[in-house]
Amino acid sequence: MKPSIPKGTRDFTPEQVSKRNYIFDTIKKVFIKYGYQPIETPAMESLSTLTGKYGEEGDKLLFKVLNNGEFLNKADKQAIADGNSAKLIPSISKRGLRYDLTVPFARFVVMHQNEISFPFKRYQIQPVWRADRPQKGRYQEFYQCDVDVVGSDSLMYEAELVQIYDEVFATLGVNAEIKVNNRKILEGIAEAAGISDQFMDMTMAIDKLDKIGIEGVRKDLAGRDIAETAIDKIEKMLGVTSLAPLKELFADSPTGLKGIEELEAFHSYFDLKTPTNEVVFDITLARGLSYYTGCIFEVKAKDVKMGSIGGGGRYDDLTGNFGLKNVSGVGVSFGAARIFDVMEELELFPKERGDSLKLLLVAFDDPAHKYAFDCLNKVRAAGINADLYPSPAKMKKQMKYANDRKVPFVAVIGSNEMEAGKVQLKNMETGEQSLLTTEEVIEQLF
RNA sequence: GUGUAGGUAGCAUAAUUGGUUAAUGCGUCAUCCUGUGAAGAUGAAAGAUGCGAGUUCGAGUCUCGUCUUACACCCCA
């Protein structure tokens, strides 16, 4: 049989893993510096934990795990007869693969509420799965890097998280645009337009503004049975690019005013330090996940065409789903796979990463091979990533291996070098060689 | 979930209007030459053309289904 892997999944070569680790390490370092601690949760969650948290579309994209054993006996016969897949699922599947890291985290917090002290700051770097059709920057399995803090509603954390975004992307060299909005402002728009009951429809439509333009949004809104007069009001509000003029428009919307207040509080913290990347208020930013209630964030890479590379926001009652009320949380997520793709396209990965091989020793004959092994031990003891070709094979073969491994330096050892008690160190890029002692090699490569 | 375009040796391409043993380059392996890779010479291995069915005397080439890849829509990291 021909080997294959499921749709939307990928293997990672050593080089790709090395690059990905570079991203993870950078992100992790920042997370830790800001006082966050790591946790992990299982790949599988109870299906009931996951369903209903991501909206209708989200439920469709959940991977369900088929029950083991004689699941057919327990299957909902009526649902089968009716050809109703959605109704059949609970009777044949009790587990699913996690769709994101936020919902499992909320579950974690509730289960461990007595062991953790609030505010609880955690980070989590693990793969998630979505049964979406693959596309550019879209996979069925991909890593997310989440930072969240629960147990405080201080807007200080919103500011902190945007600073984390800023610092990570500045360190990686990715030119990012960080968009900020507040769910309450969107609610304010709906309220001011008198269509609070069609809030979700409205947000989905205006989220596409930069893609389909204002006329497209008007059409979309009309298609969702929203009145012409309401659409006019919405259009007027969408034209706003700063908070000040919104206050008047939201005069009759307490929720909208609260949203403005929150964003002002966010800025009172955030503006104390100048960010490297662009941070902008974008009233059209909506975000699909239904659990957000306050500030929302989204990050786009500026120099390349790609979906968002990060997103997040505040959720006031996610733990309420699991029986723990009044615990507010806020967090953001980094899409590692997309950041990888962006950095690859822009060639932002450093050539030399800490985990690559620095030196390969090659020997001409058996005695030299033993001598080389001794050198190898010394070089490794000094903390240099080094290797020795396993046999004194033909020089061409050994050099080719060095080339394929992209080793920057090769130490050639034959009888001449042994007599001198040295090695011939060759720079593979320039081709230059020099006769050095092992100690000198260590000094030069360290 | 909808649509469009593709799937030919490890990789990249080729194969008149359907017509013999499916070609070429790179890579791989071997031998030769070299105290040194990205160089040269010679030779070799490797594919019933994603999978399945159909039309036909005959299918890589036409039709259908299926899987998969890329891109767009939906939605999203």
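Below, chains carry the letters A, B, ... as their sequence lines are ordered, and counting in each starts from 1.
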With rounding to the closest Å, how many angstrom separate the [atom1] atoms on [N] and [M]?
N      : M      : atom1 : answer
G58(B) : U20(B) : C1'   : 11 Å
G50(B) : C67(B) : C1'   : 8 Å
G43(B) : U4(B)  : C1'   : 46 Å
G25(B) : A41(B) : P     : 12 Å
A23(B) : U61(B) : C1'   : 16 Å
G65(B) : C75(B) : C1'   : 29 Å
U28(B) : U68(B) : C1'   : 27 Å
U49(B) : U21(B) : P     : 13 Å

Please tell me which of the listed nucleotides, [options], lies nearest to the side chain of [X]?
X         : options                : result
Ser415(A) : G35(B), A70(B), C76(B) : G35(B)
Lys426(A) : C76(B), G37(B), A72(B) : G37(B)
Met399(A) : G35(B), C76(B), G37(B) : G37(B)
Met204(A) : A77(B), G1(B), C75(B)  : C75(B)
Val412(A) : G27(B), C75(B), G35(B) : G35(B)
Asp132(A) : A38(B), C75(B), U36(B) : C75(B)

Which base sits across from [N] as a Watson-Crick or G-U pair, both distances under 3.5 Å?
N      : answer
A48(B) : none
G19(B) : C57(B)
A12(B) : U24(B)
U31(B) : A41(B)
G1(B)  : C73(B)

Answer with yes or no whether [X] presents, from its side chain, a donor or acceptor under 3.5 Å of a partner atom in the base of [N].
X         : N      : value
Lys396(A) : G40(B) : yes
Asp404(A) : G37(B) : no
Arg138(A) : A77(B) : no
Arg405(A) : G37(B) : no

Once you round to the nearest 0.5 Å, how far does [atom1] of [X] lie from [atom2] of [Y]?
X         : Y         : atom1 : atom2 : answer
His369(A) : Leu376(A) : NE2   : CG    : 9.0 Å
Thr9(A)   : Phe142(A) : OG1   : CZ    : 13.5 Å
Lys184(A) : Arg314(A) : NZ    : CZ    : 8.5 Å
Cys145(A) : Phe31(A)  : SG    : CZ    : 6.0 Å

Which part of the nucleic acid, if any, lies within contact of [X], taking any heavy atom under 4.0 Å across all strands shown: a base, the sugar-phosphate backbone alone, or nothing?
X         : answer
Ser308(A) : sugar-phosphate
Gln135(A) : base
Lys406(A) : nothing
Gly312(A) : nothing
Gly431(A) : base
Glu417(A) : base
Lys305(A) : sugar-phosphate
Phe334(A) : nothing
Gly310(A) : sugar-phosphate
Lys7(A)   : sugar-phosphate
Gly55(A)  : nothing

Salt-bridged, Glu45(A) to Arg107(A), with N to O below 4.0 Å?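 Salt bridge: yes.
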Can Glu15(A) and Lys406(A) be counted as an ion pair, charged N to O under 4.0 angstrom?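 Counted as a salt bridge, because a side-chain N and a carboxylate O are separated by less than 4.0 Å.
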In whole angstroms, how far is the [atom2] atom of [N] from the [atom1] atom of [X]?
X         : N      : atom1 : atom2 : answer
Lys179(A) : C76(B) : NZ    : P     : 13 Å
Gln433(A) : G37(B) : CD    : C1'   : 11 Å
Leu361(A) : U36(B) : CG    : P     : 18 Å

Could you pick out which residue, Tyr143(A) or Ile413(A), lies toward the 5' side of RNA chain B when each is mapped onto its nearest nucleotide?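 On the 5' side of the pair lies Ile413(A).
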Does Phe364(A) or Glu429(A) map to a spot on RNA chain B nearer the 5' end, using the closest nucleotide for each?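 That would be Phe364(A).
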Taking only side-chain nitrogens and oxygens of [X], does any of them come within less than 4.0 Å of OP1 or OP2 of [N]?
X         : N      : result
Lys397(A) : U34(B) : no
Lys60(A)  : C74(B) : no
Lys211(A) : C73(B) : yes
Lys394(A) : U31(B) : yes
Gln398(A) : U36(B) : no

Tyr99(A) vs Tyr54(A) aromatic rings, parallel, tilted or perpendicular, using cut-offs 30° and 60°?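 The rings of Tyr99(A) and Tyr54(A) sit tilted, inter-plane angle from 30° to 60°.
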Tell me, do Thr41(A) and Phe105(A) make a side-chain contact under 4.5 Å, heavy atoms counted?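 Side-chain contact under 4.5 Å: no.
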Check the side chains of Asp316(A) and Thr293(A) for a donor-acceptor pair under 3.5 angstrom, ignoring hydrogens and angles.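 The criterion, which ignores hydrogens and geometry beyond distance, is satisfied for Asp316(A) and Thr293(A).
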Is A14(B) syn or anti, taking syn as a glycosidic angle within 90° of 0?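 It is anti.
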